[in-house]
Amino acid sequence: MTPLTREFFARSVHAVAPELIGCLLLVDGVGGRIVEVEAYDGEDPASHGFAGLTERNRSMFGPPGHAYVYRSYGIHWCLNLVCGGEDEAEAALVRALEPTDGLGRMRRRRGLEDERLLCSGPGRLCQALEVTGEHDGLALDTPPFTLLPAEGPLQVARGQRVGITRAAELPWRYGLSGSRFLSRVLRPV
DNA sequence: CACAGGATATACT
DNA sequence: GTATATCCTGTGA
């Protein structure tokens with residue numbers, strides 16, 4: 001299976017984000033299927049790119065097909081996949097995975113057994129996959145990343161975003177219909 | 001359910 | 001400089 005290419009990400013985040021559902025995301029062989037993402041573009045007041053280039057968000061303005069990893073609330077790491085053109089500041093926030101590979105390592109890193117809680121949330125999945133600031137700016141088509149296309153027909157649902165106050169009403173959260181690994185129930189809009 | 005935890009950015013004085 | 005908000009999670013009421 002050929003990995004997702006830079007060309008795949010060099011489109012509008014609104015086209016890319018729903019197609020990420022069902023893709024296999026591994027870091028050093030640990031991870032699972034993407035079941036939830038959120039789209040952020042440069043026009044979005046909730047986006048880190050909205051106010052322009054800063055030290056933290058520089059990867060968001062970089063080439064597509066790379067990772068943008070930032071620290072949230074001073075504690076957690078969050079993984080975004082950079083989309084769009086070179087200076088467009090578009091990215092898809094990976095919010096939840098269905099764990100499939102390396103369950104043992106994920107449980108050890110997370111310090112709990114419950115499969116449902118290993119990767120359901122942006123900070124949680126970064127801890128389970130050991131994604132940190134070291135991964136910021138790395139290409140997604142080379143190690144330690146593995147990113148393979150979704151297989152078979154999938155039902156992708158769209159809903160309201162969560163965890164933010166500004167422009168939360170934008171329906172730019174995508175999830176795999178019926179998945180029990182979503183970080184929250186998808187409220188359709 | 002409330003809230004601490006604490007990096008980064010912005011909006012004030 | 002201080003204050004406030006943020007793409008969140010674990011813990012304890």
Side-chain angles (χ1 to χ4, degrees), chain A residues 9 12-14 16-18 20-21 23 25 27 31-32 34-62 64 66-84 88-99 106-138 140 156-176 179-187 189:
Chain A
F9 289 101
S12 161
V13 67
H14 304 297
V16 175
L20 288 172
I21 302 302
C23 292
L25 170 66
V27 178
I34 297 176
V35 297
E36 183 179 345
V37 300
E38 252 172 28
Y40 290 89
D41 70 23
E43 310 294 304
D44 175 0
S47 168
H48 286 172
F50 182 67
L53 179 66
T54 66
E55 179 60 26
R56 173 172 67 158
N57 68 19
R58 118 180 109 350
S59 301
M60 226 182 154
F61 288 83
H66 289 236
Y68 165 43
V69 182
Y70 69 93
R71 209 191 262 284
S72 172
Y73 291 83
I75 302 171
H76 318 286
W77 295 102
C78 293
L79 171 64
N80 296 254
L81 312 182
V82 179
C83 303
E88 281 188 320
E90 298 193 353
L93 170 65
V94 184
R95 291 192 52 92
L97 302 181
E98 173 185 337
M106 288 195 255
R107 288 200 170 100
R108 201 169 330 122
R109 291 164 179 173
R110 295 272 299 124
L112 45 78
E113 293 295 313
D114 190 345
E115 195 175 310
R116 244 239 61 205
L117 295 177
L118 288 180
C119 297
S120 61
R124 289 167 174 171
L125 78 87
C126 281
Q127 189 184 12
L129 272 57
E130 224 157 57
V131 170
T132 68
E134 312 237 319
H135 297 86
D136 186 41
L138 296 186
L140 298 170
V156 177
R158 191 169 83 150
Q160 280 188 345
R161 301 194 289 185
V162 291
I164 56 181
T165 54
R166 315 168 84 174
E169 74 285 356
L170 295 174
W172 293 347
R173 176 169 173 242
Y174 299 93
L176 180 62
S179 171
R180 66 194 187 93
F181 295 98
L182 296 174
S183 65
R184 301 197 189 181
V185 179
L186 255 185
R187 182 159 293 128
V189 280

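Below, chains carry the letters A, B, ... as their sequence lines are ordered, and counting in each starts from 1.
Taking the nucleotide of DNA chain C with the nearest heavy atom to each of A:Ile164 and A:Arg124, the more 5' of the two is matched to A:Ile164.
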Secondary-structure notation, DNA chain C, from Watson-Crick and G-U pairs under 3.5 angstrom (| other strand): ||||||.|||||.
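The OH-P distance, from A:Tyr73 to C:dT11, rounds to 19 Å in whole Å. For A:Leu182 and C:dC8, the CG to P distance is 15 Å, given to the nearest whole Å. Atom-to-atom, CG of A:Leu93 to P of C:dC8 comes out at 7 Å; the value is rounded to the nearest Å. The interatomic distance linking A:Arg116 (CZ) with C:dT9 (P) rounds to 11 Å, in whole Å. Here the P atom of nucleotide C:dT9 and the CG atom of A:Leu112 are 12 Å apart, to the nearest Å. Rounded to whole Å, atom P of B:dA7 lies 17 Å from atom CG of A:Asp136. Atom OH of A:Tyr174 is separated from atom C1' of C:dC7 by 16 Å (rounded to the nearest Å). One can place NE2 of A:His48 at 12 Å from C1' of C:dC8, the figure rounded to the nearest angstrom.
In terms of modelled atom types and a separation under 3.5 Å, the side chain of A:Glu130 and the main chain of A:Val27 share no donor-acceptor contact. Side-chain atoms of A:Arg116 come within 3.5 Å of backbone atoms of A:Arg180 as a donor-acceptor pair (strictly under, hydrogens ignored). Between the side chain of A:Arg173 and the backbone N or O of A:Glu38 there is no donor-acceptor pair closer than 3.5 Å. Checked by atom type and distance alone, the side chain of A:Asp136 pairs as donor or acceptor with a backbone atom of A:Val69 at under 3.5 Å. Not a single donor-acceptor pair under 3.5 Å links the side chain of A:Asn80 to the backbone N or O of A:Ala91. A side-chain donor-acceptor contact under 3.5 Å links A:Arg109 to the backbone of A:Ala128.
A:Arg161 comes within 4.0 angstrom of nothing in the nucleic acid, heavy atoms only. Using a 4.0 Å heavy-atom distance criterion, A:Arg110 is classed as a sugar-phosphate-only contact.
Applying the ring-ring contact (aromatic ring centres under 6.0 Å, His included) test to A:His135 and every residue at least two apart in sequence or in another chain returns A:Phe145.
Only the C1' atoms considered, C:dC7 is 23 Å distant from B:dC1, to the nearest whole Å.
Checking the phosphate oxygens (OP1, OP2) of C:dC7, no side-chain nitrogen or oxygen of A:Arg71 falls inside 4.0 Å.
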Identify the pairs formed between an N or O of the protein and an N or O of nucleotides 9-13 of chain B at a distance under 3.5 Å, and give each distance.
from, atom 1, to, atom 2, distance (Å)
B:dA9, OP1, A:Thr54, OG1, 3.0
B:dA9, OP1, A:Arg56, N, 3.1

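Defined by atom type and a distance below 3.5 Å, a donor-acceptor pair is present between the side-chain atoms of A:Gln127 and A:Arg110.
From A:Trp172, atom CH2 reaches atom CG of A:Asp44 across 5.0 Å, with rounding to the nearest 0.5 Å.
Looking at A:Tyr70, its side chain comes within 3.5 Å of the base of C:dC7 through a donor and an acceptor atom.
Picking from C:dC7, C:dT9, B:dG5 the nucleotide with the shortest atom distance to the side chain of A:Pro122 gives C:dT9.
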